[in-house]
Amino acid sequence: MDSHRRRFLLDCDQRGLCPAVAAAGARPVVLASLPGGLYDDAWALAGEEMLRETKKGLPQGAEVCAALPAGGFWMEPYGELPFAQGAAHYAAAAKKAAAWGADSVLIQRARTLLQARAGVLGAREAGLPVYVMLEITGEGEGLGGGGDILAAFITLQELGVAALGLCSPVTGVILEALEEVAPCCRVPLMAVTRDLTGELPVPETRALFASRTARLAALGADWQGILEAGAPEVEAAVAALLEAPVPAIRRVDYRGEEEIWAAGEKQVFYLDGGIEFSDPILCQSDMADEIIQLEHQGEEAICVQPETADDGYNISLNNANLTMLPVVFLSDDEEALDNALFYYNGRAMVDSRSLIPEERLEEIAGRYGAVVV
C-alpha cells in the first residue's frame, strides 16, 4: 500500500482527470470496468482490450484497478452455480487482470455477502490487493440483494481485503450505513456515488459535491468517487476530500479476547468467552430440521461437525438455514474444516477441542477470518 491515505476513484471516461487528482494530493484510481458474465475465453478477449484501453495515456502513479462485476452469475443455494465454481471464475479473471497489468482488483457492486465472498476468495489468488464495493439499498439499511451491512463488513475484513466500501447513486443512503460500519473498519473505507444532478449550473454542482464529499470524509470515507461526473465536480470533490480533517471516530475492537463477534449473512452475533455450543450435528445435505430444533431449544450456537472434504459442499446448501444462530465448526480433519469454512457464508467460530494441532487450527481458521474458541 502506498503513502496516499486518500484516493479518488475514476471511471474510464474520467481518466483524463488523473493529473488534477494527483496535483491535489490524492492518488487517482482508474476503474477498468471489465465485462460481466462467466469469465470464459470470449470474456478474456473483451476484458484484455478494455484494460488496455483504460491504461492508455495514464500518468505515472495512477492506479489501474480491474473492476469485476459481482452480479454476473447466481450461486447456490440461491442459484445453480456451485459456490466453488463461482470463486474459481473470479480467480481466473483476477489472474488474467494481473497478467494484463492491473494494479488491483475491485469486486464491484456486490449485492450479497455470497457474491462478495466468492469474489474475494477467488480474486486474492492473483496476489493483487482486492477491494470490495457493496451496493446498498433503500435508506441504507441493507445490501441490495438482502443481508446485513455490518455483518458483511466484519466477514470481508477478516478475509484480508485491502479496502472496503459502499456504493449508491444517492449520497444520503451511504451516510447512515457509514455511521454503523466506520467504528469497526480496519481497512480504508470507500464511498462511491454517481452524478445525478442533471442540468444544474456548474457552481451549484461544485458546491454540492464538495459538501457531500466532506460529509462522507467526516464518517471515515478516505477513498471516494463520483462516477460520471465532469471535471469541475470531481475537482471540487477532491479538494474537499483533501481538506477534510481526520475524523475522530471511536474505534471498536471486535477482535478482543473477551468478546467474540461472529457473523452470518443477516446479522452480527455479539458473544462472550463463556458461550456454550450445542451438541455437534453431522454435516448433511439437508440440516434444516435439526437447525430449527436447535433454535427452538434456545441454543447459543450451532456446532456443526464436518468429517470429510465433501461435507463443505453441504454447508453451501445449508447457508440459507444457518442464519439465525452463530456457527462453530468442530472437525478433526484439516481438509474437512478448510472446506467448511470456505463454504460458510459468514464469520464462523472453530472449536478448539479439535484434534488438529493448534498451530494448524489457527492457520486454517485465519485463512477464512474464523475465531478459534
Side-chain angles (χ1 to χ4, degrees), residues 4-31 33 63 65 67 106 108-111 131-144 149-150 153 163-185 187-249:
H4 290 81
R5 188 173 69 85
R6 289 177 169 167
R7 302 191 186 190
F8 206 84
L9 282 65
L10 305 167
D11 58 36
C12 187
D13 291 338
Q14 296 172 317
R15 66 184 185 274
L17 300 174
C18 286
V21 172
R27 187 179 187 188
V29 180
V30 181
L31 303 180
S33 296
E63 177 180 336
C65 180
L106 170 68
Q108 188 174 34
R109 297 183 64 184
R111 304 183 76 246
Y131 313 145
V132 179
M133 188 67 67
L134 299 170
E135 182 178 286
I136 56 178
T137 187
E139 297 300 321
E141 70 274 7
L143 300 182
I149 296 172
L150 182 59
F153 259 72
L164 191 53
L166 304 167
C167 65
S168 171
V170 182
T171 305
V173 171
I174 298 179
L175 290 170
E176 184 173 344
L178 283 180
E179 289 184 5
E180 180 182 21
V181 302
C184 307
C185 208
V187 297
L189 189 55
M190 300 185 288
V192 175
T193 59
R194 290 186 178 275
D195 183 0
L196 301 177
T197 56
E199 300 300 322
L200 284 177
V202 169
E204 292 185 24
T205 57
R206 284 178 60 92
L208 177 63
F209 285 120
S211 172
R212 291 177 177 177
T213 299
R215 292 170 67 193
L216 292 168
L219 293 173
D222 287 335
W223 295 20
Q224 295 192 31
I226 307 170
L227 304 183
E228 301 175 7
E233 292 79 14
V234 169
E235 290 171 359
V238 172
L241 179 62
L242 270 296
E243 292 169 1
V246 177
I249 297 173

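Residue pairs meeting the salt bridge (charged side-chain N to carboxylate O under 4.0 Å, His left out) criterion with at least one member in residues 8-17, sequence neighbours excluded, are Arg15-Glu53. Applying the salt bridge (charged side-chain N to carboxylate O under 4.0 Å, His left out) test to pairs two or more places apart or on separate chains, those with a residue in residues 227-240 are Arg194-Glu228. Sequence neighbours left out, not one pair with a member in residues 163-177 passes salt bridge (charged side-chain N to carboxylate O under 4.0 Å, His left out).
For the side-chain hydrogen bond (donor to acceptor under 3.5 Å, both in side chains) test, no residue two or more places apart in sequence or in another chain qualifies with Thr137. For Ala218, there are no side chain to side chain contact (heavy atoms under 4.5 Å, CB included) partners at least two apart in sequence or on another chain. With sequence neighbours left out, Arg212 forms a side-chain hydrogen bond (donor to acceptor under 3.5 Å, both in side chains) with no residue at all. Under the side chain to side chain contact (heavy atoms under 4.5 Å, CB included) criterion, Ile149 pairs with Ile136, Leu143, Phe153, Leu166, Ala177, Val181, sequence neighbours left out. In this structure Ile249 satisfies the side chain to side chain contact (heavy atoms under 4.5 Å, CB included) test together with Ala182, Pro183, Pro247, Arg251, sequence neighbours excluded. Every residue was checked against the side-chain hydrogen bond (donor to acceptor under 3.5 Å, both in side chains) condition with Arg215, not counting sequence neighbours, and none meets it. In terms of the salt bridge (charged side-chain N to carboxylate O under 4.0 Å, His left out) criterion, residue partners of Arg111 (sequence neighbours excluded) are, by chain and number, Glu135. Shown here are the side chain to side chain contact (heavy atoms under 4.5 Å, CB included) partners of Asp195, two or more places apart in sequence or in another chain: Thr197, Phe209, Ile226, Ala229.
Remark: side-chain polar atoms of Gln224 are not paired, donor with acceptor, to backbone N or O of Leu216 under 3.5 angstrom.
When side chains are defined from C-beta on, Val238 does not count as touching Arg6, because their heavy atoms never get closer than 4.5 Å.
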